[in-house]
Asker: 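I'd like to ask you about the structure that follows.
Chain A is the first sequence line, chain B the second, and so forth, proteins listed ahead of strands; every chain is numbered from 1.
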Amino acid sequence: KQEVTQIPAALSVPEGENLVLNCSFTDSAIYNLQWFRQDPGKGLTSLLLIQSSQREQTSGRLNASLDKSSGRSTLYIAASQPGDSATYLCAVPSSGNTPLVFGKGTRLSVIA
Amino acid sequence: DTGVSQDPRHKITKRGQNVTFRCDPISEHNRLYWYRQTLGQGPEFLTYFQNEAQLEKSRLLSDRFSAERPKGSFSTLEIQRTEQGDSAMYLCASSMRTGFTDTQYFGPGTRLTVL
């Protein structure tokens, strides 16, 4: 059974800092991994999807890496801004199938 | 707006009542998913459809829950005899699976409060 863990659970940083969010998963037989952002009381916004054949994916100030063999992914946020404050969720398909298994998320606060 | 939409956004009900939620996916997406999210947790899978066929149901989906996608477009999720433990955010997502890619796009969710 696929399990996803995200560390840290919460993070508070001053504006302008670069930061890394971590995600680990137990079953490395995945097709892809997805990072989402969730604002309080809102739905999920897809940030990045990394295919299993890729090692990195970039979008603006976001860079996600995937090490499938070790069951790890990181989301790097450069030059953080207060508008980046949200919960970041990592998700992988469950045992090769498509319903997603999510971590509990990392709650990020960027202080101006 | 061509994103996933959900209705209602908020629902407050008394224990024992039935509730129904609706999800309209992105047009032409063939897959539609329902997830449930409680406070401080990530979303948990409930069920999904490919076109009108319900392909998988989670053990979380007790017999009080039923979902339909009658014409392969919108979907409804009904909860009968609601319990306080059903209080959660119910999220809908849709996707168009191509090869091994299945990027899911989420709606804003329906927040259910059972009193």
Asker: Would B:Ile26 and B:Leu32 show up in the same hydrophobic cluster when neighbours are defined by side-chain heavy atoms closer than 4.5 Å?
Answerer: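 As far as the 4.5 Å side-chain criterion goes, B:Leu32 and B:Ile26 are not connected within one cluster.
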Asker: What residue, out of B:Pro108, B:Ala93, B:Gly109, has the most heavy-atom pairs lying under 4.5 Å from chain A?
Answerer: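 Sorted descending by pairs with chain A, the first entry is B:Pro108.
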Asker: Evaluate whether atom CD of B:Gln80 has more than 12 neighbouring non-hydrogen atoms of other residues, nucleotides or ligands under 6.0 angstrom away.
Answerer: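 Enclosed.
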Asker: Do other residues, nucleotides or ligands put more than 12 heavy atoms under 6.0 Å from the CG atom of B:Leu55?
Answerer: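 Buried by this count: over 12 neighbours within 6.0 Å.
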Asker: Can you tell which of B:Gln41, B:Gln104, B:Arg111, B:Gln6 has the highest number of heavy-atom pairs within less than 4.5 Å of chain A?
Answerer: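 Looking at each option in turn, the highest pair count goes to B:Gln104.
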Asker: Can you tell me if CZ on A:Arg61 sees more than 12 non-hydrogen neighbours from other groups inside 6.0 Å?
Answerer: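 It does: A:Arg61 CZ has more than 12 such atoms within range.
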Asker: How long is the straight-line distance from CZ of B:Phe106 back to CG of A:Leu89, given to the nearest 0.5 Å?
Answerer: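 Reported value, rounded in 0.5 Å steps: 9.0 Å.
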Asker: Can you tell me how far the CG atom of B:Leu91 sits from the NZ atom of A:Lys42, to the nearest 0.5 Å?
Answerer: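 One gets 13.0 Å once the value is rounded to the nearest 0.5 Å.
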Asker: For A:Gln6, is it the side chain, the backbone, both, or neither that has a heavy atom closer than 4.5 Å to a heavy atom of chain B?
Answerer: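 Nothing of A:Gln6, per the 4.5 Å heavy-atom cut-off to chain B.
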Asker: Near A:Phe25 CZ, under 6.0 Å, is it more than 12 heavy atoms from other residues, nucleotides or ligands?
Answerer: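 Enclosed.
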Asker: Sub-3.5 Å donor-acceptor pair from the side chain of B:Tyr35 to the main-chain atoms of A:Leu100, do we have one?
Answerer: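 Between the backbone of A:Leu100 and the side chain of B:Tyr35 there is a qualifying donor-acceptor contact (under 3.5 Å).
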Asker: What's the shortest heavy-atom distance between B:Pro43 and A:Phe102, and which atoms?
Answerer: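 Smallest interatomic distance, heavy atoms only, reads O-CD1, 3.4 Å.
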Asker: Do B:Tyr90 and A:Phe36 belong together in a cluster built from hydrophobic side chains that touch within less than 4.5 Å?
Answerer: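 Result: no, two separate clusters.
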